[in-house]
Every structure is written in structure tokens, then in C-alpha cells.
Amino acid sequence: MNATTLTATQRETLAHAAEHNEGRIEWFPASVKGGARAKVLQGLVARGWAYRDGEHHAVTDAGYQAVGQERPAPQEEAVALDEDNTLEDDVAAAEASWAGTQAAPARKTRAPRDGSKQAQVIALLRRPSGATVAEIQALTGWLPHTVRGTFSGTFRKRLGLQVVSDKEDDGKRVYRIVEAGDSETAGSGVFGIAELR
């Protein structure tokens, strides 16, 4: 098999892989699309100029010779060999110490802007008497589901505030923000899905 038996498409494909992709066949001429690419690969493999390498195809030594190139020598490792395996042991120890102790990066929390609707709602919820959804709606113009979504999403998850709810004697549900560990929350339900409905 010599270079003269290559088609123009095969030559371009092999040469590009040899020169640009470290021998991986990932590029084809613009005129080769869809099923034609599979046919080109089949032809290269059938003639011994390419082989399947996992999910990709790669150029064989014969493929390099067919396009007049030499297979590049493997690059030398940048790290000297560790005869005592101390580097490997250090890496294993570090990985073991990280297992189970890696916490998700802390989210940056930002206080609401002074005078914003969020700041006004937080002020209402920090009152000892708390606030009802209707009171917050009157202040903000939000719909009930927006108010409740703000409690669980923005306030609890993003700002880390603990919103609790209590049902008053008149049947109205009152929401308040309390500090974590506050003794007043013992009889209150921490805000959750059950209190929303």
C-alpha cells in the first residue's frame, strides 16, 4: 500500500489528523458530511491506515507513512519518576482526607438593598407579631405564591433566614423571622411546605 492509492479525501483527512490532532481523526473536508464520513473511516480502517481507538479513530503507522509523515515520538513525562512512590502515597493520603469532608463552596449572600421590597418584608417578619401573607401582599403587590416562594427560596436558602409560622386563634397564619436557636421557636413550625398549603 503506497501513497498513490489514497483518495484525495483520505489524504486530506489523514494529513490533518497527523498534523493537528495528535493522530485522532476528528476532522473531514467540508464536502464530506454524514454517512460519507463513515465510509471514509471504513475505507481507512480496511486499508490499515486507521484504527478504532475507543470512541475515536486514529492514524496507524501505515497511515502516517501513506501521507509521508512520521508518527511523533511520545512526549516525555514532565514529572520525574518517583522511585519510592512517595508522590503517589501523598496523593492517596490527600484524597483520603478529602473524602467526605469536602463541603460545597459557601454561597455569597448579599443583604437586601435598603428600602427594597425584600428589606421591607424582612422588617415586617422581624416584628414580634410577625406578618400575614395578606399584609405582605398589601405592602408589595406580590401574589400569595410569590410571597411564600420568597420565604423558602430567597429568605431561607439564599439569605439563611429562619422563617417560622404559627396559626393564630382567629385561624390566620402568621410568619416571623427568628434567630437560629431562639427559644420562642419551640412551639412554632419552621417554615416548610406543610405550612404553605
Side-chain angles (χ1 to χ4, degrees), residues 20-22 24-28 30 33-38 41 52-58 77-79 82 85-197:
H20 301 287
N21 296 335
E22 299 174 345
R24 285 188 317 276
I25 301 173
E26 299 173 341
W27 175 91
F28 294 88
K33 299 192 186 307
R37 291 181 176 189
L41 287 172
R52 185 134 181 105
D53 183 21
E55 293 185 20
H56 302 282
H57 284 80
E77 293 183 29
V79 178
D82 184 14
N85 290 329
T86 56
L87 179 61
E88 191 173 311
D89 293 342
D90 291 344
V91 169
E95 287 174 345
S97 71
W98 294 340
T101 61
Q102 289 272 357
R107 244 187 211 178
K108 292 182 180 179
T109 58
R110 194 171 58 188
R113 192 177 65 247
D114 286 339
S116 69
K117 288 183 181 181
Q118 276 187 9
Q120 292 173 5
V121 171
I122 290 172
L124 275 180
L125 294 173
R126 284 206 163 129
R127 298 182 308 184
S129 60
T132 65
V133 170
E135 289 173 320
I136 295 170
Q137 281 185 266
L139 173 72
T140 62
W142 294 344
L143 295 173
H145 68 272
T146 304
V147 173
R148 292 182 183 102
T150 302
F151 293 166
S152 66
T154 303
F155 292 173
R156 186 173 55 85
K157 293 179 183 172
R158 194 181 276 170
L159 299 177
L161 300 172
Q162 185 175 8
V163 180
V164 296
S165 70
D166 288 311
K167 202 165 200 174
E168 300 291 310
D169 294 334
D170 60 2
K172 292 182 184 176
R173 188 163 291 282
V174 176
Y175 297 88
R176 294 181 296 123
I177 292 176
V178 296
E179 299 303 318
D182 188 345
S183 61
E184 291 182 43
T185 65
S188 304
V190 175
F191 181 77
I193 300 302
E195 284 80 22
L196 291 179
R197 308 237 188 276

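Here the structure is a predicted model, which means the values were calculated and not measured.
Checked for salt-bridge contact, Glu135 and Arg127 meet the test: a charged N lies under 4.0 Å from a carboxylate O.
Of all heavy-atom pairs between Arg176 and Pro128, the closest is CD-O, 3.3 Å. Heavy-atom minimum distance, Val121 versus Leu139: N-CD2, 4.2 Å.
For the pair Lys167 (side chain) and Arg173 (backbone), a donor-acceptor distance under 3.5 Å is absent. Judged purely by atom type and a 3.5 angstrom limit, Thr146 has no side-chain atom pairing as donor or acceptor with the backbone of Trp142. Between the side chain of Gln162 and the main chain of Arg156, no donor-acceptor pair closer than 3.5 Å is present.
Here the straight-line distance linking atom NE2 of His57 with atom CG of Leu41 works out to 5.0 Å at 0.5 Å rounding. In this structure, OG1 in Thr150 is found 12.0 Å from CG in Leu161, a value given to the nearest 0.5 Å. Between the OG1 atom in Thr140 and the NZ atom in Lys117 there is a gap of 6.0 Å [rounded to 0.5 Å]. How far CD of Gln118 is from OG1 of Thr154: 5.0 Å, rounded to the nearest 0.5 Å. Separating the OG atom in Ser129 from the CG atom in Asp166 is a distance of 12.0 Å, to the nearest 0.5 Å. Within the model, atoms OH of Tyr175 and CG of Leu124 stand 14.0 Å from one another, a figure rounded to the nearest 0.5 Å.
Around the CG atom of Asp169, the shell of radius 6.0 Å holds no more than 12 heavy atoms that belong to other residues, nucleotides or ligands.
Ile136 places a side-chain heavy atom less than 4.5 Å from the side chain of Phe151.
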